[in-house]
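A note on names: the letters A, B, ... follow the listed sequences, proteins ahead of strands, and every chain is numbered from 1.
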There are 2 protein chains.
Amino acid sequence: MRAAYWYGKKDVRIEEIADSQPGPGQVRLRVKACGICGTDLHEYNEGPFLIPSRPHPLTGMDKGPVILGHEFSAEVESIGQEVDDFTGGERVTVNPLLYCGVCPYCRSGEFNMCVKLGTIGLAADGAFAEYVVVPGDTLHRLPDNVDDVAGAFVEPLAVAIRAVKRSRLEIGQTAAVIGAGPIGLLVLQALINCGASRVFVVEPMPQRRKLALELGAVDTVDPTVVDPGKQIATWTENLRVDRAFECVGNQNAFDTAVKVTGRRAVICQVGMALTPTSVNFLRLWGHEKEITTSSGYSSEFPAAIALLSEGRVNIDPLVTSKIPLGQLVEKGFEVLADSRQDQIKVIVEPGMH
Amino acid sequence: MRAAYWYGKKDVRIEEIADSQPGPGQVRLRVKACGICGTDLHEYNEGPFLIPSRPHPLTGMDKGPVILGHEFSAEVESIGQEVDDFTGGERVTVNPLLYCGVCPYCRSGEFNMCVKLGTIGLAADGAFAEYVVVPGDTLHRLPDNVDDVAGAFVEPLAVAIRAVKRSRLEIGQTAAVIGAGPIGLLVLQALINCGASRVFVVEPMPQRRKLALELGAVDTVDPTVVDPGKQIATWTENLRVDRAFECVGNQNAFDTAVKVTGRRAVICQVGMALTPTSVNFLRLWGHEKEITTSSGYSSEFPAAIALLSEGRVNIDPLVTSKIPLGQLVEKGFEVLADSRQDQIKVIVEPGMH
C-alpha cells in the first residue's frame with residue numbers, strides 16, 4: 001500500500017510499503033478521508049513535537065518515521081482475533097487516543113490525562129495511507145447520514161465540544177471565539193448548540209469572518225482595524241463576553257481574549273501556544289477572571305457524531321480542498337503553511353487518483 | 001481624635017483631627033483592633049495603588065490624604081438617622097466594600113465585581129484611627145466568643161474562604177499553599193475546614209513552616225533547599241496536588257504552583273502579582289490545568305464569623321505584635337517591610353497608650 005511517512009521536519013515521503021495484517025484485538029481499515037490538522041502542520045514545519053522523541057511507553061515509536069493523520073473516516077477491511085463487534089464493511093471513525101487503562105487517570109475515565117498518553121498518527125502509524133491498523137476498541141460507527149468527509153470532522157468537532165464543556169458555559173451566556181480556523185469555526189457551532197446567546201468572532205482574514213457569519217456568529221471583528229475589546233464592549237452594553245476561546249495559541253490572541261471578556265469570565269485556551277505567554281494577573285484578579293485549558297478530547301466522540309448526524313453542525317463550508325495522498329505535501333502542508341492561501345480544512349482522500 | 005493619614009508613599013502621619021458625626025444611614029464606631037494588611041503595606045511602600053488616583057465615583061477620594069485600615073473590630077458609638085438595627089454599644093466588624101448597588105454585577109449579588117467598587121480604608125477613611133464613620137449596612141455583629149483581635153481577622157479570613165470557594169475544592173482533595181503569610185495560614189485552615197484531605201505548605205521561613213504544621217499542614221517544604229514539585233510528588237504517589245493557592249504574588253510562587261499540581265488541577269491566584277507573569281500554557285494545556293483568581297470577598301463575612309465563633313480557625317498564633325496607633329509606622333509598616341523580622345500579623349489597638 002501507499003503511505004506518507006514523516007521522517008523529520010519538511011521531510012514527508014510517499015512510499016510503497018507491505019500491507020500489515022491486524023493482530024489480536026486489532027482491525028485493518030481502508031481510509032476514506034483524513035483531514036490535515038494544525039498538529040500535522042506543526043510536525044511538518046517544526047517537528048518532532050508530539051511525535052515521541054524517546055521510545056513511547058505504549059507503542060515504542062521513537063522519532064519516526066511515522067505515518068501522520070488522526071482525523072479520519074474509514075471502512076472496516078479485515079478483523080483480528082478477539083474483535084467481536086465488527087464483521088467488515090462498517091463505516092467508522094477512530095478515536096486516536098492510546099492510553100494505558102491502568103493509571104489513576106484512566107481508572108477515573110480521564111483517558112486524555114493518561115500518564116502514557118499517545119495518539120494514532122503521532123505515536124503510532126496514522127491515516128495518511130491507504131490502510132491503517134488500529135485497536136478495535138478505538139472505533140466508532142458512522143451513521144449513514146454522516147458521509148466520509150463529515151466522518152473526518154468527528155475528531156476536530158470532539159476538540160471543539162470539549163473546549164466548550166471545559167469553559168463551563170451556561171445557557172444564555174455570551175462568547176467570543178478568537179481565530180476562525182477549523183477549530184474556531186467548530187467551537188463557534190458547538191457554542192451555539194450549547195446555548196450561547198451571542199457569539200462574536202475575532203479574525204483578521206475576511207473570508208474567514210464571512211464564513212463565521214454564515215455559521216452563526218452574530219458579528220465579527222477584524223483586529224487589524226479596530227480594538228476587539230472596545231468593539232465588543234459597544235455591542236454588549238460594556239459587559240463584554242462571559243466566555244472566550246483562544247483558538248490561535250499566541251500572545252496577541254491571549255491578550256485579545258482578556259480584552260473581550262467581562263468580569264468573572266472564563267478564558268479557554270484551546271490553541272497550543274508554543275512559547276510562554278505573558279499574563280497580567282493583576283488585571284485578571286480584579287475581575288476574577290479564570291483561564292482554563294482544553295486538551296483534545298476524552299469521551300466526546302459520540303456527541304460529535306450525533307451533532308453531525310442531526311445536522312446541527314455544518315462542516316461543508318470548512319472543506320476548502322480535497323486532494324489525493326500523493327499531493328499531501330505540495331497541495332496540503334505547503335499550501336496550508338502559506339498564509340496568503342485561504343484554506344480552512346484540506347481533506348486527503350487516499351482512494352482518489 | 002487621633003488618626004493615621006496616608007499622604008503618599010513612605011509618608012503616613014499621626015494627626016489630631018476633629019471628630020466627625022454620622023450622617024443619615026451611617027454609624028460612628030470606636031475602633032478596638034485593626035490589622036495591618038499586605039495591601040496597606042503596598043500603599044505605604046509604593047502607593048498609591050488601590051488608593052484612587054482620580055476622584056472615586058462613590059466617595060470622591062482622590063490621591064489621599066486617606067486613613068488606611070480595613071481589617072477591624074469596633075464598638076458602635078453613635079448612630080445616624082435611618083439606621084434601625086443598632087442602638088449603641090454593639091461589638092461589630094465591618095465589610096469594607098463600597099459598591100453602587102445598581103450596576104449589573106451588584107444586581108446579581110456580585111458586589112466585589114461592582115463597576116464602581118471601593119474599599120473603606122482605601123477609597124474612604126478607614127480604621128487606623130480612634131473612630132471611624134461607616135455606612136450602617138456594612139456592619140456585622142461579633143458573637144461574645146469572638147474577641148476584638150479575632151474580630152479584626154474576619155476580613156482576611158473572608159479572603160481565605162473565598163479563595164477556597166473559587167478553587168472549587170472537593171472533599172478529600174489534596175492542596176498546597178504557596179507562602180505561609182497571614183493569608184496563606186488562613187487559606188490552610190479554610191482548606192482543612194472545607195474537606196481537603198492533606199494540605200502541604202511551601203514556605204522558605206522556618207518559623208512560618210513551624211506555624212503551618214501547628215495549624216494543620218501535613219508537611220512543609222523549604223523551596224530554597226528542595227524542589228517543591230519533586231518533594232510533593234514523592235508524598236503523593238506522583239499525583240501531586242489537586243489545588244494550589246498562590247499566596248505570594250510573584251513568578252517564583254506561580255511556577256511553584258504549576259510544579260506542585262497534578263493533572264486537571266486548579267491553581268488559585270490569591271496574592272496580587274504586581275508585574276506580569278510568564279505562563280507556559282503548553283505545559284498547562286497537556287495537563288488541562290486551570291488558573292482561577294480570587295479577589296477579596298463578597299458575601300463571606302458571616303461564614304468567617306461563624307468559623308471563628310466555633311473555634312474552627314485559630315488566629316492566636318498569627319498575632320505576633322500588638323501596637324498603639326502612634327507606633328503604626330515604626331513598629332508596624334517598617335517592621336513588616338523588614339524581611340529579617342518574622343512578623344505575621346501586627347494588630348493596631350487605637351485604645352492602647
Heavy-atom distance under 4.5 Å to chain A: side chain of L117(B), backbone, both or neither?
->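 Looking at L117(B), nothing touches chain A.
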V115(B) versus chain A, the contacting section by heavy-atom distance below 4.5 Å | both
Who among R264(A), E237(A), R283(A) has the most heavy-atom pairs with chain B under 4.5 Å?
->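 Going by pairs under 4.5 Å, I would pick R264(A).
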Separation between OG1 (T293(B)) and CG (L284(A)), nearest 0.5 Å, reads 6.0 Å
Value for SG (C103(A)) from CG (N238(B)), rounded to nearest 0.5 Å, stands at 11.5 Å
Any side-chain heavy-atom pair from [X] and [Y] closer than 4.5 angstrom?
X: R168(B); Y: E290(A); result: yes
X: L274(B); Y: F281(A); result: no
X: T292(B); Y: W285(A); result: no
X: L282(B); Y: F49(A); result: yes
X: F254(A); Y: V279(B); result: no

Using atom types as modelled and distance alone, determine if a side-chain donor or acceptor of S278(A) lies under 3.5 Å from a backbone N or O of P276(B).
->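 Answer holds: no.
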E288(A) side chain to S295(B) backbone, donor-acceptor under 3.5 Å |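 Looks like yes, one N/O pair under 3.5 Å.
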In terms of heavy-atom pairs under 4.5 Å with chain A, which of S294(B), G296(B), A273(B) leads?
->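 Max contact count across the listed options: S294(B).
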R263(B) bridged to E110(A) by N-O distance under 4.0 Å = no
Exceeds 12 heavy-atom contacts within 6.0 angstrom, atom NZ of K165(B) = yes
